[in-house]
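Values reported hereafter were calculated over all heavy atoms of this structure, with side chains retained and with hydrogens, waters and symmetry mates removed. This structure is a prediction, so every number in the text was calculated from the model and none was measured.
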Amino acid sequence: MTGDHASGYEVELGHPLAGASPDGTFEDPEFELTFVGGIPVTDEPVPYFVARGSDREALDDLLDDHASIERFEPVSDGPEGRLYRCEWATRDGDILSAIRECDGIVRRMVGTRYGWSLSVYFPSNELTTRFHDACLSRDIDIDVRRVEPTRLDERHPPDTGLSEKQLTALRLAFERGYFETPKEAGLDDIASRLGITEQALSQRLRRALRNLVGSTIDDLDRGSRSE
């Protein structure tokens with residue numbers, strides 16, 4: 001890869017969650033879809049994602065109604081979420097086709113009940129602009145939140161295994177002083193700000209800390225082996 005192609009732009013954007021009930025009945029605060037990166041063997045999008053949420057029946061209904069999903073099946077199930085495999089409905093004029101036409105690479109894609117959050121790499125400013133113009137001309141609803149120069153091989157923060165909701169809860173708890181001695185905020189204060197129960201927050205923080213500690217230990221082990 002030459003230097004001309006190594007540098008590009010990363011675009012962080014929001015996109016509506018297709019299939020979400022218009023009357024707002026899908027209200028599971030734990031709902032989250034995280035697409036699993038992998039090596040593509042076809043021209044279709046990577047077909048695996050992890051779903052988290054307490055209402056599995058509502059989640060299946062949402063996937064049934066999603067315009068971009070032809071069919072889906074659970075692969076495995078566990079306390080941290082359910083792994084799904086899905087077959088995508090190929091549609092001209094949707095956001096994925098616009099990304100593909102502009103040589104975009106989806107680095108991250110997470111869905112919550114509020115919509116999708118995507119981080120997409122484009123090899124040049126021209127292709128970044130072309131993607132934006134394509135979305136406008138096709139009435140694709142996007143909310144551009146950040147655009148910045150980057151490199152395709154640029155190192156990203158280590159994978160801590162934290163979900164977006166776990167990271168949000170952990171950050172808020174830290175900022176509010178939950179981990180101080182004595183505590184400056186209790187579970188009730190943080191839970192009310194997140195709109196969840198104290199029990200749900202306690203479980204979320206416990207899972208987040210377990211993942212964070214496990215990731216840190218793995219990084220330390222890898223570092224000691226490389227010395």
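Considering only heavy atoms from C-beta on, Arg146 stays 4.5 Å or farther from Val11 through its side chain. The side-chain heavy atoms of Ser202 and Leu187, taken from C-beta on, include a pair separated by under 4.5 Å. Here the side chains of Ile196 and Arg204 are in contact, with some heavy-atom distance below 4.5 Å. Residues Leu118 and Arg108 are not in side-chain contact: their nearest non-hydrogen atoms beyond the backbone lie 4.5 Å or more apart.
Side-chain heavy atoms closer than 4.5 Å link hydrophobic residues (I, L, V, M, F, W, Y) into clusters, and following such links, even through other members, never connects Val110 to Ile105. Taken together through direct or relayed side-chain contacts under 4.5 Å among Ile, Leu, Val, Met, Phe, Trp and Tyr, Trp116 and Leu96 form part of one hydrophobic cluster.
Taking each heavy atom of Phe122 and Leu127 in turn, the nearest pair found is CD2-O, 4.2 Å. Nearest heavy-atom pair across Ala98 and Ile140 is CB-CD1, 4.3 Å. In terms of heavy-atom proximity, Lys183 sits nearest to Tyr178 at CG-O, 3.1 Å. In plain terms, the two heavy atoms of Ile190 and Ala173 that are nearest each other are CD1-CA, 3.7 Å. Of all the heavy atoms in Pro123 and Cys102, the pair that sits closest is CD-O, 4.1 Å.
If you take CG on Leu205 and CG on Leu201, they are separated by 4.5 Å, rounding to the nearest 0.5 Å. How far CZ of Arg52 is from NZ of Lys165: 10.5 Å, rounded to the nearest 0.5 Å. The distance from the CD atom of Glu126 to the CG atom of Asp103 is 10.5 Å, given to the nearest 0.5 Å. A distance of 6.5 Å separates OG1 in Thr150 from CD in Glu148, rounded to the nearest 0.5 Å. In this structure, the separation between SG on Cys135 and CG on Leu13 is 7.5 Å, given to the nearest 0.5 Å. Annotation: the span from Phe131 atom CZ to Leu136 atom CG amounts to 9.5 Å, rounded to 0.5 Å.
Taking a cutoff of 4.0 Å between a charged side-chain nitrogen and a carboxylate oxygen, Arg176 and Glu184 do not qualify as a salt bridge.
At distances below 3.5 Å, at least one donor-acceptor pair connects side-chain atoms of Ser192 with backbone N or O atoms of Asp188. A donor-acceptor pair under 3.5 Å links the side-chain atoms of His15 to the main chain of Asp141, judged by distance alone.
With hydrogens and angles left out, the side-chain atoms of Ser117 and Glu12 include no donor and acceptor closer than 3.5 Å. There is no side-chain donor-acceptor pair under 3.5 Å between Thr128 and Asn125.
Applying the side-chain hydrogen bond (donor to acceptor under 3.5 Å, both in side chains) test to Glu101 and every residue at least two apart in sequence or in another chain returns Arg138.
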Candidate pair Glu10 and Val147, rule side chain to side chain contact (heavy atoms under 4.5 Å, CB included), full reasoning: CA-CA 6 Å; Glu10 182 156 352; Val147 180; over 6 Å; no
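For Phe72 and Tyr84, the distance between ring centers is under 6.0 angstrom.
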